[in-house]
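Beneath this line is the structure, given in structure tokens, with notes to follow.
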Amino acid sequence: MAKIDEVNRKLAQLVSIESVSTDSKRRKQMDKAVEYIKGEMESIGMVVEEFNSNNCPSLVIGKKIMSESAETIGIYAHYDVQPEDPVDKWTSPPFNLTKRGNKLYGRGVADDKMHLIQSVIAVKNLIAKKMLKNNIVFIFEGEEETGSDHFEELVKKAGDDLRKIDVFYILDMGMKAVNVPQIFYGLRGIAGFELKIKTGESDLHSGVYGNRVLNPAQVAADLFSKMKDSKGKILIPGFYDKVKKFTEDEIAVLSKFVPNEENERETAKVNQMVGGFLESKIKPSLDINGVASGYAGQGFKTIIPCEATIKFSIRLVEYQNGPEIIKLVEKFVAGNLPEGVDHEFIVKEAADPFYTDYTNPYAIKTAKILEEVFGGECFFNRSGGSIAAAEILQKLYKKPIILTGFTLPDENIHAPDENVDLNMFEKGIVALERIFSS
Ligand SMILES: [Zn+2]
């Protein structure tokens, strides 16, 4: 095994590159990250290719083909990171990998640069020990944090290399706790909407026009109360028609996770929890994300606004289909606005839900390896979030997809003082070596 110092140095170099994909002023840093990753892969004898479109950050594919008849393992990670704001909340500079105690701190270290470096090191170690038998294909994305806009197009361009893959590992998830690994087999999909409601050309005096014209903020409130009830049930006709029925077995698998509600309430820093733990894992949900209408500044302004904008999003579960749900929503809104109201819809994003069978042989084999390396039970879990790559790879290749990783729940992903645990870093490399060589 490579000395951890060398591994640290590689991670430090990658973290020092400010690959913030959402910041167009740092576009060159994206290329710099690509050059660095390419160099690392080429130095261990991998064949590397870059794919792009419209000057987007490259998709980097690295291959190590051992034999035509060997099994091929695909590994996904992403090299782009979230912005570092607010910088003054960081204990050490975000792009300067810093060790404190048993933790390494830096922007993107947990999400997702450690996984990328761990994968490369694991392959390097196996080559050095002459123990690599499987073919390896790395798929490193640079647009995960901006919604994976070109991922499907670029993956298709990469073509044959990906079609031969027998199993995909998406290393962009974390562990349940120190030494407690988990495999995710389900993610929710998402559809985002911006709805603009317009009742006239300009705001009006409420003393003169109250009771005589429609108020778009009130129209929006009425609309959303018809769309979802106070218990969270979505009332759009047909919305639940395709939702998968969950088996007792799966409920039992997930119920191992049920946390203490009071702890959850404290973690969320919220006054009250109104739904149980499984609500965000196996059920769809609809949430208003933002509302703008009228005057909300200092003091009062007695107007009737002329327009309202509401941003909302829906998390989907299998087997709901994004485009079908979008149509249902559009039809519902058009049919439930009063006469005299104009509306405009912008659909912001859409990813279908992801689901893979948690009893497939690769999942079982991986769980066994993780249990042996970490010494704790491996849990099967679902996430309420969305990862576009998982859904796209599954749709295109129909192969088992294992979502896992070695970060911990308290590692401040997307926040100041993002960090990873050094022991999980080292053990993760050992686990990947086992996964890649068996
Ligand atoms: Zn990530």
Side-chain angles (χ1 to χ4, degrees), residues 11 14-15 17-23 26 29-30 33-34 36-37 56-61 74-85 94-95 97 103-120 138-152 154-155 168-176 181-190 192 315 349 351-354 356 381-394 401-421 424-425 428 431-432:
L11 187 58
L14 187 55
V15 168
I17 303 170
E18 301 178 17
S19 49
V20 179
S21 52
T22 194
D23 181 358
R26 289 192 269 200
Q29 296 281 317
M30 302 305 296
V34 169
Y36 180 70
I37 298 163
C56 75
S58 297
L59 179 76
V60 190
I61 304 284
I75 301 102
Y76 167 95
H78 62 90
Y79 61 86
D80 63 327
V81 302
Q82 284 276 316
E84 67 277 31
D85 315 329
F95 296 102
L97 189 74
K103 296 269 194 181
L104 294 173
Y105 292 82
R107 168 51 84 230
V109 66
D111 182 19
D112 188 30
K113 288 178 170 175
M114 175 181 80
H115 291 132
L116 193 154
I117 292 295
Q118 282 175 315
S119 312
V120 177
F138 286 142
I139 304 155
F140 293 149
E141 191 195 5
E143 288 184 293
E144 199 278 337
E145 303 292 2
T146 53
S148 296
D149 286 345
H150 299 89
F151 187 71
E152 182 164 352
L154 300 182
V155 156
F168 289 92
Y169 284 83
I170 294 192
L171 300 180
D172 195 13
M173 302 300 276
M175 307 180 69
K176 186 164 154 47
Q182 60 184 339
I183 290 173
F184 286 84
Y185 65 92
L187 299 166
R188 292 197 294 183
I190 186 163
R315 298 281 179 172
E349 52 179 316
D352 279 334
F354 162 82
T356 201
N381 198 359
R382 299 165 58 93
S383 164
S386 310
I387 297 179
E391 178 254 318
I392 291 168
L393 291 173
Q394 185 171 62
I401 296 182
I402 314 280
L403 286 104
T404 190
F406 310 105
T407 56
L408 295 172
D410 62 348
E411 292 184 341
N412 297 336
I413 283 172
H414 294 197
D417 282 350
E418 181 176 351
N419 65 86
V420 292
D421 181 286
M424 298 305 102
F425 185 6
L432 289 175

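Counting convention: from 1, in listed order, for ligands and their atoms alike.
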Where do Glu141 and Ser148 land on the side-chain hydrogen bond (donor to acceptor under 3.5 Å, both in side chains) test, with the steps shown first? CA-CA 8 Å; Glu141 191 195 5; Ser148 296; 2.8 Å; yes
Quick check: of its N, O or S atoms, which one does Asp111 have closest to the Zn ion (ligand 1)? OD1
Would a distance-only check, ignoring hydrogens and angles, find a side-chain to backbone donor-acceptor pair under 3.5 Å from Thr404 to Leu171? no
Roughly, to 10 degrees, what angle do Asp172 atom OD1 and His78 atom NE2 form around the Zn ion (ligand 1)? 100°
Does the plane of the ring in Phe140 sit parallel, tilted or perpendicular to the ring in Phe138? Use 30° and 60° as the thresholds. parallel
N/O/S atom of Glu144 under 2.8 Å from the Zn ion (ligand 1), yes or no? no
Residues Glu84 and Arg26 bridged, charged N to O under 4.0 Å: yes
